[in-house]
Colleague: 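Pasting in a structure now, in structure tokens, and then I'll have a few things to ask.
Computed from heavy atoms alone, side chains included, the values below leave out hydrogens, waters and symmetry copies. Note that the coordinates shown come from a computational prediction; the quantities given were computed from them, not determined experimentally.
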Amino acid sequence: MPWIDEHRPGWPCWVELATPDLEVSHRFYRELFGWDFYTLVVPHRSDLEILTLGQGGPEVAGLQPLADPAQPASWTCYFRTDDMARTVEAVRQAGGQELIEPVDLGNLGRAAMFADPEGADFSVIDTHDFSGVRVVDEPSAPVWVELAARDVAVEREFYGQVFGWQGVERDYDIRPYTEFRKGGEAVAGMVFMDELWAAAHPPHWITYFEVADCDAAAVRATRLGAKVRVGPATIPIGRYAVLTDPTGARLGIIAPDPKVRRKLRPTLPL
């Protein structure tokens with residue numbers, strides 16, 4: 001079980017679920033992934049529940065109630081920065097929008113939320129004593145983050161300016177796919193929202209969690225109240241599915257092919 005003490009700037013470092021029903025989300029993810037949790041008191045915001053890989057295990061995600069009940073349940077991807085002021089300015093210069101201005105979160109660090117030029121929201125955090133996701137390459141831990149976008153050229157330019165990412169084209173699942181890389185290593189992905197996507201479906205970030213058996217996990221998730229939106233299907237890097245949990249939050253699950261895991265990601269992505 002590879003543990004992580006620190007994440008590099010420009011890399012995904014944390015994922016957090018905002019839910020309208022804490023109890024429903026607790027039950028679903030506990031049964032699906034075996035997660036436990038503890039409560040963390042955070043200055044200037046509601047208490048944050050930290051989800052762990054089993055009781056007393058490493059931290060894998062956060063959970064909090066929706067700030068606005070009118071908003072949909074969703075997973076938010078966090079990327080690490082070591083210079084919040086520079087990141088805020090880079091987002092503005094690249095055509096993004098500041099949704100939540102930087103706020104101090106005690107010893108966790110300083111965080112902000114933005115929307116990219118197509119409206120997909122994401123967060124950044126300049127961590128202090130907080131390490132973020134502590135484990136990867138383990139079932140039930142985050143393994144990949146992916147942007148679904150309609151104007152991939154605009155998004156490549158935006159994230160290149162903000163995080164220094166370079167877009168590399170790959171052919172996954174037959175469709176064109178962009179792999180964002182930093183320092184020659186895979187950081188995140190981007191899928192083109194073609195005509196098969198509903199016009200009303202907005203661009204968005206999605207988090208994928210590793211599972212040992214994608215089909216079995218999809219069946220289990222359905223029995224727990226989730227809906228399978230895509231798959232399960234096989235692509236060159238493994239077998240995956242996209243779900244909405246019982247509260248409507250979108251997430252992915254994937255059983256990576258061990259033969260290509262390290263070819264895709266020479267080092268850990270989270």
Side-chain angles (χ1 to χ4, degrees), residues 1 3-4 12-78 100 105-109 111 113 121-123 125 130-136 138-145 204-229 240-255 270:
M1 181 187 295
W3 283 58
I4 294 179
C13 65
W14 186 243
V15 293
E16 190 172 284
L17 173 64
T19 174
D21 194 320
L22 288 172
E23 196 55 44
V24 167
S25 295
H26 279 155
R27 183 168 57 252
F28 175 76
Y29 289 101
R30 182 174 59 245
E31 295 297 323
L32 181 62
F33 292 140
W35 289 348
D36 199 7
F37 71 94
Y38 64 87
T39 301
L40 191 66
V41 177
V42 181
H44 311 303
R45 61 181 289 179
S46 59
D47 292 349
L48 177 64
E49 295 191 359
I50 303 295
L51 302 167
T52 63
L53 197 57
Q55 188 172 13
E59 292 84 357
V60 291
L63 175 66
Q64 65 171 336
L66 280 170
D68 181 353
Q71 294 295 315
S74 64
W75 280 96
T76 296
C77 300
Y78 281 73
I100 300 177
L105 303 176
N107 65 343
L108 294 182
M113 177 177 280
D121 63 75
F122 64 97
S123 291
I125 184 167
F130 181 60
S131 298
V133 175
R134 295 294 307 279
V135 62
V136 295
E138 184 77 13
S140 300
V143 68
W144 190 243
V145 294
H204 60 278
W205 279 96
I206 184 172
T207 300
Y208 281 83
F209 298 92
E210 181 167 335
V211 293
D213 184 323
C214 182
D215 294 70
V219 169
R220 184 164 65 254
T222 301
R223 290 174 178 167
L224 293 169
K227 294 182 180 179
V228 177
R229 301 300 184 181
Y240 82 105
V242 176
L243 322 170
T244 49
D245 73 15
T247 69
R250 195 175 182 90
L251 69 145
I253 55 175
I254 186 167
L270 282 163

Colleague: Quick one: are E59 and V135 in side-chain contact, heavy atoms under 4.5 Å?
Modeller: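 Side-chain contact under 4.5 Å: no.
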Colleague: Provide the closest heavy-atom pair for R229 versus T244 in the form atom of the first, atom of the second, distance.
Modeller: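 Nearest pair, atom of R229 first, then T244: NE-OG1, 3.1 Å.
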Colleague: Can you tell if the side chain of V145 reaches within under 4.5 Å of the side chain of Y208, non-hydrogen atoms only?
Modeller: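 Counting from C-beta outward, V145 and Y208 never come under 4.5 Å.
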Colleague: Is there a side-chain contact between S25 and L63, using heavy atoms and a 4.5 Å cut-off?
Modeller: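 In contact.
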Colleague: What's the shortest heavy-atom distance between V15 and P142, and which atoms?
Modeller: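 The answer is CG2-CG, 4.0 Å.
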Colleague: Please find the pair of heavy atoms, one from A226 and one from P246, that lie closest to each other, and give the distance.
Modeller: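 That closest heavy-atom pairing would be N-CG, 4.2 Å.
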Colleague: Can you list everything that forms a side-chain contact (heavy atoms from CB on, under 4.5 Å) with P65? Sequence neighbours excluded, please.
Modeller: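 Testing P65 for side-chain contact (heavy atoms from CB on, under 4.5 Å), a comparison that skips the adjacent residues, returns L22, S46.
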Colleague: Indicate, with yes or no, if the rings of W205 and F122 have centres closer together than 6.0 Å.
Modeller: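 W205 vs F122: aromatic centres not under 6.0 Å.
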Colleague: Donor-acceptor pairs under 3.5 angstrom involving side-chain atoms of residues 213-224: please list them, not counting sequence neighbours.
Modeller:
residue, atom, partner, partner atom, Å
D213, OD1, D215, N, 3.1
D213, OD1, A216, N, 3.0
D215, OD1, R239, NE, 2.5
D215, OD2, R239, NE, 3.4
D215, OD2, R239, NH2, 3.1
R220, NH2, L32, O, 3.3
T222, OG1, A218, O, 2.9

Colleague: Indicate yes or no: at least one non-hydrogen side-chain atom of V143 is less than 4.5 angstrom from one of I254.
Modeller: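 Yes. Closest side-chain heavy atoms under 4.5 Å.
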Colleague: How close do P139 and L53 get, heavy atom to heavy atom, and via which atoms?
Modeller: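 That closest heavy-atom pairing would be O-CD1, 3.7 Å.
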Colleague: Hey, which of T19, D36, D245 is the one that makes side chain to side chain donor-acceptor pair (under 3.5 Å) with Y29?
Modeller: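 Result for side chain to side chain donor-acceptor pair (under 3.5 Å) with Y29: D245.
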Colleague: Is any side-chain heavy atom of I125 closer than 4.5 Å to a side-chain heavy atom of C13?
Modeller: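 Side chain of I125 against side chain of C13, heavy atoms only: contact under 4.5 Å found.
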Colleague: Under the side-chain contact (heavy atoms from CB on, under 4.5 Å) test, which residues partner S123, sequence neighbours left out?
Modeller: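 So S123 forms a side-chain contact (heavy atoms from CB on, under 4.5 Å) with T76, Y78, M113.
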Colleague: Is any side-chain heavy atom of R250 less than 4.5 Å from a side-chain heavy atom of W75?
Modeller: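 Of all side-chain heavy-atom pairs linking W75 with R250, none is under 4.5 Å.
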Colleague: Would you check if the distance from the ring center of F209 to the ring center of W35 is below 6.0 Å?
Modeller: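 Yes, ring centres under 6.0 Å apart.
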